[in-house]
Number of protein chains: 2
Amino acid sequence: MKIEDEIKQVAFRDDYQKAHVNLIFTANWLQQQQSGFFKQFGLTLPQFNILRILRGQHPKPATVNLLIERMLDKTSNASRIVDKLETKELVTRCVCPSNRRAVDIRISDAGLELLGRLDAAMNDQQFGVQNLTSTEADQLSRLLDKIRD
Amino acid sequence: MKIEDEIKQVAFRDDYQKAHVNLIFTANWLQQQQSGFFKQFGLTLPQFNILRILRGQHPKPATVNLLIERMLDKTSNASRIVDKLETKELVTRCVCPSNRRAVDIRISDAGLELLGRLDAAMNDQQFGVQNLTSTEADQLSRLLDKIRD
DNA sequence: GATAATTAAATGTATGTACATATATTTGTC
DNA sequence: GACAAATATATGTACATACATTTAATTATC
């Protein structure tokens, strides 16, 4: 559906405004698609993203700083998202021996097992970007990179 | 900067995953650019969006339902965002005479005046999409529409 | 080596998101 | 006209975002 119809706005000032609104709207749309999927597994999107970063580090630990550096949303509060994951026993947290200011965070066996199940389910799940051809996906990335220049 | 460097990820599975991550990341980036701008005026992005919808209706009132219909984020809680705007006296709210379930919401003179100042400031402010050519902006909108098909 | 500056993480507060539930009003049906 | 269903909004709760402040540990400077 065209963006004008999605938000019932008759016209945009120009192609720039239209692209901008479309970008925000589509990203929200994709996030909602995904968060419904993750909910089945008792996770939120940011919780999943942090777990994935931790798996990438495993068996090495990550610090809160490293998580923030790699998160899509730099300003979110990694500390409290880790709290939730720790409550679910998907990660472990202990003071870093070499630098007692820092905290070593590791994904637990239960966390690895959950991500494994998510990987399997994700292959069955089609998210929106699949509607594009590979060339179009590449084209999209280039346009987005240019926006942030 | 390329998306790989932004989030310090070495490689993506394919162009689809890369485009997807890039889309979420760029939309967040744009939102942060804007929210910094709105903050100078004591508004948040959703508050601004609701005010703009109300100005579009002015002098006719809008109901909460109409606001939800036109908002980019359908699931957000329009009622409570209107609460904040009412506290700041930027909108008025009163029971609709013809349907006492509904609430008539109108932008106040102070609200109109604030939006006027924002319009002026916005013309001086360059947001990211301006980095694209008009053709590229159009191309981007088409790709985004295709994602949501 | 004491003290200031910096760094790493946690905490506090206001706002927003997501979704379920509650309350009040109107509409439809017998 | 009583009562069920639908509609419009508000409220409750858990989680996340945004940003300021606090606490603790380390590093730098005199």
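Remember, it's a predicted structure, so these values are computed and weren't measured experimentally. Below, read A as the first sequence line, B as the second, and so on, with proteins coming before strands; counting in each chain starts at 1.
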S.K.: With a 4.5 Å heavy-atom cut-off, do B:Leu144 and A:Leu140 have their side chains touching?
M.R.: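 Yes, their side chains come closer than 4.5 Å.
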S.K.: Find the distance B:Gln33:CD to D:dA18:C1' and express it as a whole number of Å.
M.R.: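 These atoms are roughly 15 Å apart.
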S.K.: Compare the minimum distances between each of D:dA16, D:dT17, D:dA18 and the side chain of A:Lys84, then state the nucleotide with the smallest one.
M.R.: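 The answer is D:dA16, which lies nearest to the side chain.
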S.K.: Taking atom P of D:dA18 as reference, at what distance in whole Å does atom CZ of B:Phe37 sit?
M.R.: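 Atom CZ in B:Phe37 sits about 18 Å away from atom P in D:dA18.
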S.K.: Start at the 5' end of DNA chain C and walk down; is the nucleotide closest to A:Leu66 or to B:Pro46 reached first?
M.R.: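 Mapping each residue to its closest nucleotide by heavy atoms, the 5'-most match is A:Leu66.
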S.K.: Under 3.5 Å, is there a donor-acceptor pair between the side chain of B:Asn22 and the main chain of A:Ser141?
M.R.: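 The answer is yes, because a donor-acceptor pair under 3.5 Å joins these two groups.
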S.K.: Whole angstrom is fine here: how far is it from CG in B:Leu45 over to C1' in C:dT17?
M.R.: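 Spelled out: CG on B:Leu45 to C1' on C:dT17 is 14 Å.
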S.K.: Specify the separation, in whole Å, of atom CZ of B:Phe48 and atom P of C:dG16.
M.R.: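 In whole Å, C:dG16 P lies 14 Å from B:Phe48 CZ.
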S.K.: Kindly say if B:Asn77 contacts the phosphate of C:dG16, meaning a side-chain N or O under 4.0 Å from OP1 or OP2.
M.R.: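 No, because none of the side-chain N or O atoms of B:Asn77 sits under 4.0 Å from OP1 or OP2 of C:dG16.
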S.K.: Rounded to whole angstrom units, what separation is found between the CG atom of B:Leu67 and the P atom of C:dT17?
M.R.: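 Rounded to whole Å, this separation is 13 Å.
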S.K.: In whole Å, what is the span from the CG atom of B:Asp83 to the P atom of D:dT9?
M.R.: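 One finds 13 Å between P of D:dT9 and CG of B:Asp83, rounded.
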S.K.: Indicate, with a heavy-atom threshold strictly under 4.0 Å, whether B:Ile81 touches base, sugar-phosphate, or nothing.
M.R.: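 Since only primed, P, OP1 and OP2 atoms lie under 4.0 Å of B:Ile81, the category is sugar-phosphate.
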S.K.: Using a cut-off of strictly less than 4.0 Å, decide whether A:Gln47 has a side-chain nitrogen or oxygen near OP1 or OP2 of D:dC15.
M.R.: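 Negative; the distance criterion is not met.
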S.K.: Could you say whether A:Thr44 or B:Lys39 is positioned toward the 5' end of DNA chain D, judged by the nucleotide with the nearest heavy atom to each?
M.R.: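 Residue closer to the 5' terminus by nearest nucleotide: A:Thr44.
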S.K.: Does anything in residues 85-105 of chain A reach DNA chain C, meaning a heavy atom under 4.0 Å, and if so which residues?
M.R.: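 Nucleic-acid contacts, sorted: A:Arg93, A:Arg101, A:Ala102, A:Val103.
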S.K.: Reckon A:Thr63 touches a base, only the sugar-phosphate, or nothing at all at heavy-atom distances under 4.0 Å?
M.R.: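 Sugar-phosphate contact only - A:Thr63 comes under 4.0 Å of backbone atoms but never of a base.
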S.K.: Check whether any side-chain heavy atom of B:Thr92 lies under 4.5 Å from a side-chain heavy atom of B:Pro61, and answer yes or no.
M.R.: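 No, too far: nothing below the 4.5 Å cut-off.
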S.K.: Do the side chains of B:Asp83 and B:Arg93 get close enough for a salt bridge, i.e. N-O under 4.0 angstrom?
M.R.: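 Salt bridge between B:Asp83 and B:Arg93, a charged N being under 4.0 Å from a carboxylate O: yes.
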S.K.: For A:Asn65 and A:Gln31, take the nucleotide of DNA chain C holding the closest heavy atom to each; which residue's nucleotide lies nearer the 5' end?
M.R.: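 First, find each residue's nearest nucleotide; the 5'-ward one identifies A:Asn65.
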S.K.: Within the structure provided, determine whether A:Met71 and A:Asn49 are in side-chain contact (heavy-atom separation under 4.5 Å).
M.R.: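 A side-chain contact under 4.5 Å is absent here.
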S.K.: Would you indicate which nucleotide in D:dA18, C:dA9, D:dA10 comes nearest to any side-chain atom of A:Arg80?
M.R.: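 Selected nucleotide: D:dA18.
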S.K.: Whole Å only: how far is the CD1 atom of A:Ile68 from the P atom of C:dA9?
M.R.: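 So the CD1-P distance, A:Ile68 to C:dA9, works out to 7 Å.
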S.K.: Examine distances only and state if a side-chain atom of B:Lys88 and a backbone atom of B:Gly42 form a donor-acceptor pair shorter than 3.5 Å.
M.R.: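 Yes; at least one donor-acceptor contact below 3.5 Å.
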S.K.: In this structure, how many angstroms lie between the C1' atom of C:dT17 and the CG atom of B:Asn28, rounded?
M.R.: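 It works out to 14 Å between those atoms.
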S.K.: Give every residue pair that meets the ring pair (Phe, Tyr, Trp, His ring centres under 6.0 Å) criterion with at least one member in residues 44-66 of chain A, sequence neighbours excluded.
M.R.: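 Passing the test, one end in residues 44-66 of chain A: A:Phe38-A:Phe48.
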